[in-house]
Amino acid sequence: MAGGALWARRWLRSTDTMLGQIRTLFLGILLVWPLFGLWGLSGHRSALAVPAVVGALVVVGWLYAGYRRQRFPAWSWIFEGACVCLVAAGSNFGITVGLCIVWVNFRSLYGRLREKILAVLVICAIMSIGVVQFDIPAGVAIPLFCTALISLGVNHVLARGSSARDRSADREGTLASAGGGLVASTTRGEAMDVTLGAALSMDRAASAALIFTVTGPRLHVIAAAGHVGSEAAGWVTELAMLPAQTRAALRPGGYAMVCDEAAAEVTEVLRLPPHAVVMLAPMAAHGDVFGMLVLALDRRPTDDLSASMTTLADEAALTLDQLLSRSRLSIVVEHSADALILAGEAGQIRFVNPAAEMMLACPGEELVGSDIWSLVHESDVAALRDVASSFERPAATPCRIRGRASADWTDVEALIEYVSEHDGSRSIVFTARDVSERHRLELELRHAQKLESVGRLAAGIAHEINTPIQFVGDNVRFLDTAFTDLDRLLGAYRELVATAQAQGDIETALRELDAVATEVDIEFVMEEVPVAISQTLEGINRVAHIVRAMKAFGHPGTEEKSRADLNEAIRNTIVVANNEIKYTADVETDLGDLPLVHCHLGDINQVVLNLVVNAAHAIGAADRGRGTIRISTRLDDGYAVIEVADTGTGVPPEIADKLFDPFFTTKEVGTGTGQGLALVRTLVADRHGGTIDFTSAVGAGTVFTVRLPVAGLDEPQPAGQLAEASR
């Protein structure tokens, strides 16, 4: 903790502002005194004149040297007193005795109380020598002695008060500088260095300072400075080992100062050298104490340090908490899987995290300073700006980004928001999550769900195909038999012709021909064969229609949208779902004139299938006999509208807001997964920028309304329609 020691040395230099000014004043008087005071030596004890002058100059020089050092040894009172006594004796305790008063006033500003007691004895000796040795009248010596004592007492009190004020100002300066140092700290180590250095400068008796944190039942010494020994830093011990008085201070606003045995116990627990006094101030953040600042002193402090200690501990706690939060935020940002970009309001990039560099395949040095909007596909910029400028909570917006013009576009979901910084400026926070793989998986999942739906309907479709195939087979077998009979009849006619040509027994040939015609029932054959052929063709057409519908419904499609006929898609879906519907409901259609819609046709097939099957199930659950499903389409202000109405059970109001939630279902366990309507909303809203809503009356039925933009999200359309689609 070299930084802590540096702070201690810096702040242990006492400024003594007010006391220093008083000392300078008295020193000035002492320096001026010889100019007019030494003439008092003339006419009195000429034998002592020269020694007295030398003594006066020695005292003044000695006092000036001590002033420069800001300290005097205790024994100098005797040395100085001897010189002053010599000067007083040389002037017969006349005018030069003023040196005694000025000297006492100046010297009383230095030293402790025990030195002032020594000063009283020295002054008493000076006056006693004057009375005994130089026959000074007691009426002169006693007033001088009392004046000197009064000056000594007054200036001692003045020195203590001024020193206390200066120490208080010194501590305030220490706290102010520590606050500045904490604000400028960029690491927890720097902040703890500043804190420990400021703590050591609180009092001259302070010799050790440390910071420990409390985690559950354990305390951990994380920083130490001063005379702390070799084992204090990093020491981990049990909190319960601290004295009860110390543990009680571990609360917001707490403070403890322990002395003697309690101080020895604390220093032993913290692995510190023995100290007479230990002060502890808690460090708290958000109302919770996480540690404590400890200051060990060799003796009791001159002043009350509780306010300064708690203030320093609070400042340090706030800074350490902020640095910890900043460190945690940095860890989150650095290790986030999402791309995080910070840019100025104009779009100039200021910061990118590693995930952004990886996603954009571009180093941060190259990205910083570039325009954030240059990374976004030009057709997506307007939508992102609209979202960022809206007053609503920002929502994830699909877009494409790339780092370089030669790179491929990456599909992402982006969150963009304007934020205000501490200086009032605005910045852009851009968060992007790579959804390319998710889109691929979603496409596969949608196709799998579509195939699952087809599989679920396979039995019904097989039944639908089986019916026409049966009567096609029956008719073909009839035609086969009829053809055989007609072949026999034709043979009989040929036999008759041959007999006639040979002039044989025509009568017999005619009887045989008539018998064959009667057996064949030629009238029935000629009547039923056209019917059988017609029914066969009808059955074949029905099978072909079902196959075409199945082929159109089950086609996986592509990720690119294309223009499609929604009405035709609805007809095909009705054919596919017919077996699910025909036993519970009649289907009515009112398909209006629609333009070709820019969409993923397979998704729309899935949407209509889910809505129609759900309608059939709702009618079956109503148990009111055969119901009706009505499917209608129309064009409304640039949107293709599909409505699927049923006469089923309806949706109770208490579950209306949950209807599109994943895994929510009103069906019995094992008969519904709760994914149908959730998938419908995803396909309509996310994939096509459309909307889906419903109206319902319990016991009367439900109407689902799907609105799809005819132009699609990736084609130009009016701004109002785009905003509505995004909602």
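Computed from heavy atoms alone, side chains included, the values below leave out hydrogens, waters and symmetry copies. Being a predicted model, the structure only gives us computed values, none of them experimental.
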Criterion side-chain hydrogen bond (donor to acceptor under 3.5 Å, both in side chains) on T647 and R630, from CA distance to verdict: CA-CA 9 Å; T647 57; R630 188 174 186 276; over 6 Å; no
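- Under the 4.5 Å side-chain criterion, counting only non-hydrogen atoms from C-beta, V376 is not in contact with R400.
- Annotation: side chain of F290 is not in contact with side chain of T215 (no heavy-atom distance under 4.5 Å).
- No donor-acceptor pair under 3.5 Å is formed between the side chain of R571 and the backbone N or O of I574.
- Using modelled atom types, one side-chain atom of T573 and one backbone atom of A569 make a donor-acceptor pair closer than 3.5 Å.
- Here the side chain of R426 pairs no donor or acceptor atom with the backbone of S420 at under 3.5 angstrom.
- The CG atom of N353 sits 8.0 Å away from atom CD1 of I341, with the distance rounded to the nearest 0.5 Å.
- Looking at L375 and I349, their side chains come closer than 4.5 Å, going by heavy atoms from C-beta outward.
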Worked verdict on I581 versus V613 for side chain to side chain contact (heavy atoms under 4.5 Å, CB included): CA-CA 7 Å; I581 303 170; V613 170; over 6 Å; no
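- Of all the heavy atoms in E334 and P354, the pair that sits closest is OE1-CG, 3.2 Å.
- Under the 4.5 Å side-chain criterion, counting only non-hydrogen atoms from C-beta, I428 is in contact with I416.
- Within the model, atoms CZ of R404 and SG of C362 stand 4.0 Å from one another, a figure rounded to the nearest 0.5 Å.
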Audit row: V641, V706, side chain to side chain contact (heavy atoms under 4.5 Å, CB included) steps and yes/no: CA-CA 6 Å; V641 180; V706 176; over 6 Å; no
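- Closest heavy-atom contact between A645 and V703: CB-CG2, 3.7 Å.
- Atom CZ in R350 sits 4.0 Å away from atom OG in S427 (nearest 0.5 Å).
- A356 approaches A339 most closely through the heavy-atom pair CA-CB, 3.5 Å.
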Stepwise side chain to side chain contact (heavy atoms under 4.5 Å, CB included) test for I570 and L591: CA-CA 9 Å; I570 291 171; L591 306 181; 4.3 Å; yes
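- Checked by atom type and distance alone, the side chain of R634 never pairs as donor or acceptor with a backbone atom of L594 at under 3.5 Å.
- Atom CG of D590 is surrounded by more than 12 heavy atoms from other residues, nucleotides or ligands within 6.0 Å.
- Annotation for G648 and R624: closest pair O-NH2, 3.1 Å, computed over non-hydrogen atoms.
- The side-chain heavy atoms of D593 and L635, taken from C-beta on, include no pair separated by under 4.5 Å.
- With 3.5 Å as the limit, one finds a donor-acceptor pair spanning the side chains of N567 and T633.
- Not counting sequence neighbours, the partners of F704 by the ring pair (Phe, Tyr, Trp, His ring centres under 6.0 Å) test are F694.
- Side-chain atoms of H688 never come within 3.5 Å of backbone atoms of C599 as a donor-acceptor pair (strictly under, hydrogens ignored).
- Remark: side-chain polar atoms of R681 are not paired, donor with acceptor, to backbone N or O of D693 under 3.5 angstrom.
- The shortest side-chain heavy-atom distance between V412 and R433 does not fall under the 4.5 Å cut-off.
- Between the side chain of S696 and the backbone N or O of V651, at least one donor-acceptor pair lies under 3.5 Å.
- By the 4.5 Å heavy-atom criterion applied to side chains, L329 and S325 are not counted as neighbours.
- In this structure, CH2 on W373 lies 11.0 Å from CG on D380, to the nearest 0.5 angstrom.
- Residues V698 and T649 are not in side-chain contact: their nearest non-hydrogen atoms beyond the backbone lie 4.5 Å or more apart.
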Derivation and outcome, side chain to side chain contact (heavy atoms under 4.5 Å, CB included), residues V644 and I629: CA-CA 7 Å; V644 179; I629 299 174; 4.3 Å; yes
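- When all heavy atoms of P595 and V710 are compared, the closest pair comes out as CG-CG1, 3.8 Å.
- Side-chain N or O atoms of D321 include none that pairs as donor or acceptor with a backbone N or O of A285 at under 3.5 Å.
- In this structure, CG on L683 lies 4.5 Å from CG on D603, to the nearest 0.5 angstrom.
- Expressed to the nearest 0.5 Å, how far CG of L611 lies from CD1 of I631 amounts to 9.0 Å.
- Between I401 and F430, the shortest heavy-atom distance links the atoms CG2-CZ, 4.2 Å.
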